Every structure is written in structure tokens, then in C-alpha cells.
Amino acid sequence: MSDVDELVIAGEKFSSRLIMGTGGAPSLEVLDQALAASGTELTTVAMRRLDPSARGSVLDVLRRRGIKVLPNTAGCFTAGEAVLTARLAREALETNWVKLEVIADERTLLPDPIETFDAAERLVADGFVVLPYIGDDPALARRLEQAGCAAVMPLGSPIGSGLGIRNPHSIELIVEAANVPVILDAGVGTASDAALAMELGCDAVLLATAVTRAQRPELMAAAMADAVRAGRLARLAGRIPRRRYAQASSPGTPLGDYYSVG
Amino acid sequence: MKITINGTPREVPDGMTVAQAVRILTAQTTGVAVAVNDEVVRRGAWDSTTLGESDRVEVLTAVQGG
């Protein structure tokens, strides 16, 4: 296959369709190795109060690897908090890209659609490239696209749950209707989940925990890179239809009709 | 005067600038952003922006996440 199958978000091109998060890694060294093995070109970070005692910075790791930084608004519960966090990220990191994440509650970490939509409108108006994290809701995805978001990022299942894609049908509906990239975000537990996301027609997969909390993060990162690529190729190739009964792959019978029973 | 920096109350000299408040925490200036009372103060304005009584200063940076 040619190498021109690029992911394009807001006019920016990426040859890898695996977007990584940086949360959950036991150390910056482990994270660094996993990022390298993943081949990712776009990676999320969170914004938090500066801790004067912190050693090393995730930003240094990303800079060394030449990976574009995608700040998120993780930890925000209201549109107001998310807008302020995005503006602080833009100032600190000199990017107008933001993964918009507005959470409804701590237990499920499910995205709050009302606050997310409100924040998305305000951030788009303020010149941000907005990538909102949402439930697997085709109607909300469409509304966010109409509001000017650069992509939509439906979840497969709750953050960090590793439950995979609980509603593949909804993901397919989102993909069918979308004119912006659809990025499966959250819930991926292992390689087959990432491959399925791509087979369903997602343009990219964003994951963190599945790699950073795997027993061997670097190995899982390599598995995810292969899975995303395999799923993408399978999607482009076009899978066969599912059938109720078998369809022989060898022609006819070896001994003709004489031996055939019934 | 009394201000809070990242949630910690502090007694600081009157007329302290945003730049001076940031330096209490870090010598770093890149990769850091500041909000005073929920409004972003651009880096170029840190030296010229003075703080007032009860101001809430937030100094943020990027960490592992997402």
C-alpha cells in the first residue's frame, strides 16, 4: 500500500493514526519507550498546578521525540473550567489545539454533553482547534461538527475501563455521518479493540491506559501500532459480508457427482 | 497583602507583579501559564501586571495525562 493514507486534522497531516495519552505511565522513561514504540505523532497532556518539586517534564519527552502536544481539559466539570484550562494550555504550550474533556462525575468519568457542547462553541469562537471527547452519541457528534469542531472523539467505553467498544453500531453511525475525523477515544483494553475501531471506520484511535498500565508498556505500544494499521488496511480493503451458512472456498467436489449424496 | 498562589494563602509585599509571584514557585517561564482570578495573563504582561489584595493566582504547567 502507498504511504499517502494520512490522517488529516484541521489541515495538519499525520502518518500515524494512533494518538497516545501520557497518563498512567510509571515513569517518564517507560513513557518515552512506549511513545517511541507506538510511532505516535500526536500525544495528550493534562494541565495542572505547577509542582515545584516535580522532576523532569513530559514536555521534554515529547519535544525530544518530535511529537505534537495535544493539551486536554481533563479534570474539568464545567464549560467555564474547560475554557479557562484550554486558554492556559494555549498560553503555556503555544498551541491552539485542545482535546475538550468535560466530565460529568468522578465515578464513571463519562463526558457531560451539555457542558461539552457549551465549551466547544466558546472555544471554536475563540479560535481553537477543538477535538471533543463525547459519548457514543451520533446526534451530539453531528451537532459538534456543525459547531465547528475539527474532529469528534467518541468513547468506546469509560476511561481506563478496558471494556473495549461497547456499542460498535453507534460508532458506525457516527462514522457514516461525519465529515470530520472520528477518533475512538477511551475504553481500549487490548490490540483487538483498536483494530475493531479502525475496521468500523474510525480515522484514528486515542489510548493511554491500555499501554501505560500494561505489564510491558513498550510491547503493548507496538501491538497497538500494528493493530491500528491492520484495522485501517482491513477497512480500506472492505470486509466480506457476514453469511448465515458456509460458502465453499474450493470449487466443486473432487470426484464429481458420482459420489455425491443427496 | 494576602494573595493565594495555587490555592496556598501567602503574605506578599504590596505591588507584587505576576512575574514575581511565578518566581516564588519556579524559575521556569516556558511551558507555564498564569491565570489571576480566572483570567489568563499573557506571558508578555507578567512584568507589567501587579497583583491586588485577595487575588487568586494559578500557575499551571503540562503533566502526564489523558
Side-chain angles (χ1 to χ4, degrees), chain A residues 19-28 30-31 43-54 56-63 69-75 80-81 83-95 98-99 101 126 131 133 153 159-160 185-186 206-209 212, chain B:
Chain A
I19 303 171
M20 288 285 295
T22 53
S27 71
L28 287 176
V30 170
L31 177 66
T43 293
T44 66
V45 297
M47 298 301 295
R48 289 293 178 271
R49 285 173 169 172
L50 188 143
D51 174 6
S53 66
S57 164
V58 65
L59 291 178
D60 295 334
V61 173
L62 298 183
R63 200 175 299 119
V69 60
L70 176 61
N72 68 27
T73 61
E81 288 170 354
V83 169
L84 177 58
T85 303
R87 287 178 176 152
L88 284 163
R90 177 170 64 182
E91 177 70 11
L93 307 177
E94 291 164 5
T95 176
V98 64
K99 175 188 162 181
E101 184 176 335
D126 197 11
L131 293 76
Y133 165 62
M153 309 180 80
I159 292 169
D185 182 5
L206 194 162
L207 58 89
T209 308
T212 57
Chain B
M1 62 179 179
K2 281 197 173 62
I3 62 171
T4 63
I5 303 178
N6 284 354
T8 305
R10 289 178 186 268
E11 182 69 39
V12 299
D14 287 358
M16 173 173 270
T17 65
V18 168
Q20 289 166 336
V22 171
R23 274 199 294 274
I24 292 175
L25 294 187
T26 179
Q28 200 182 328
T29 56
T30 59
V32 176
V34 176
V36 177
N37 303 332
D38 299 335
E39 291 291 332
V40 176
V41 180
R42 305 293 301 269
R43 190 169 302 126
W46 286 3
D47 279 317
S48 56
T49 305
T50 53
L51 296 166
E53 181 71 32
S54 306
D55 276 354
R56 288 176 294 112
V57 182
E58 295 287 340
V59 184
L60 271 70
T61 191
V63 299
Q64 283 175 245

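These figures come from a predicted structure and were not determined experimentally. Convention: sequence-line order gives letters A, B, ...; per-chain numbering from 1.
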Heavy-atom closest pair (B:Thr61 atom, A:Leu50 atom, distance to 0.1 Å) is CG2-CA, 4.1 Å
For the candidates A:Gly21, A:Gly23, A:Ala92, which exhibits the highest count of non-hydrogen atom pairs separated by less than 4.5 Å from chain B?
A:Ala92
Is there a donor-acceptor pair under 3.5 Å between the side chain of B:Arg42 and the backbone N or O of A:Glu91?
no
Shortest non-hydrogen separation from A:Pro52 to B:Leu25 and the atoms involved:
CB-O, 3.5 Å
Under 4.5 Å heavy-atom distance to chain B, tell me which part of A:Val45 shows up: side chain, backbone, both or neither.
both
Given that the side chain runs from C-beta out, which part of B:Val22 has a heavy atom under 4.5 Å from chain A: side chain, backbone, both or neither?
neither
Is the number of heavy atoms from other residues, nucleotides or ligands within 6.0 Å of CD (B:Glu39) greater than 12?
no
Short side-chain to backbone donor-acceptor contact, A:Thr22 and B:Gly66, under 3.5 Å:
no
Would you name the heavy atoms of B:Asn6 and A:Arg49 that are closest together and state the gap between them?
O-NH1, 3.2 Å
If one checks every heavy atom of A:Leu62 against chain B at 4.5 Å, the contacting part turns out to be neither
With a 4.5 Å cut-off on heavy-atom pairs, point out which of B:Gly65, B:Gly7, B:Gly31 contacts chain A the most.
B:Gly65
With a 4.5 angstrom heavy-atom cut-off, is it the side chain or the backbone of A:Ala25 that approaches chain B, or both, or neither?
both
Got B:Gln64 and A:Leu28 here, is their nearest side-chain heavy-atom distance under 4.5 Å?
yes
Closest non-hydrogen atom pair between B:Ala33 and A:Leu88, with its separation
CB-O, 3.1 Å
Any chance you could measure B:Thr30, atom OG1, to A:Glu94, atom CD, to the nearest 0.5 Å?
8.0 Å
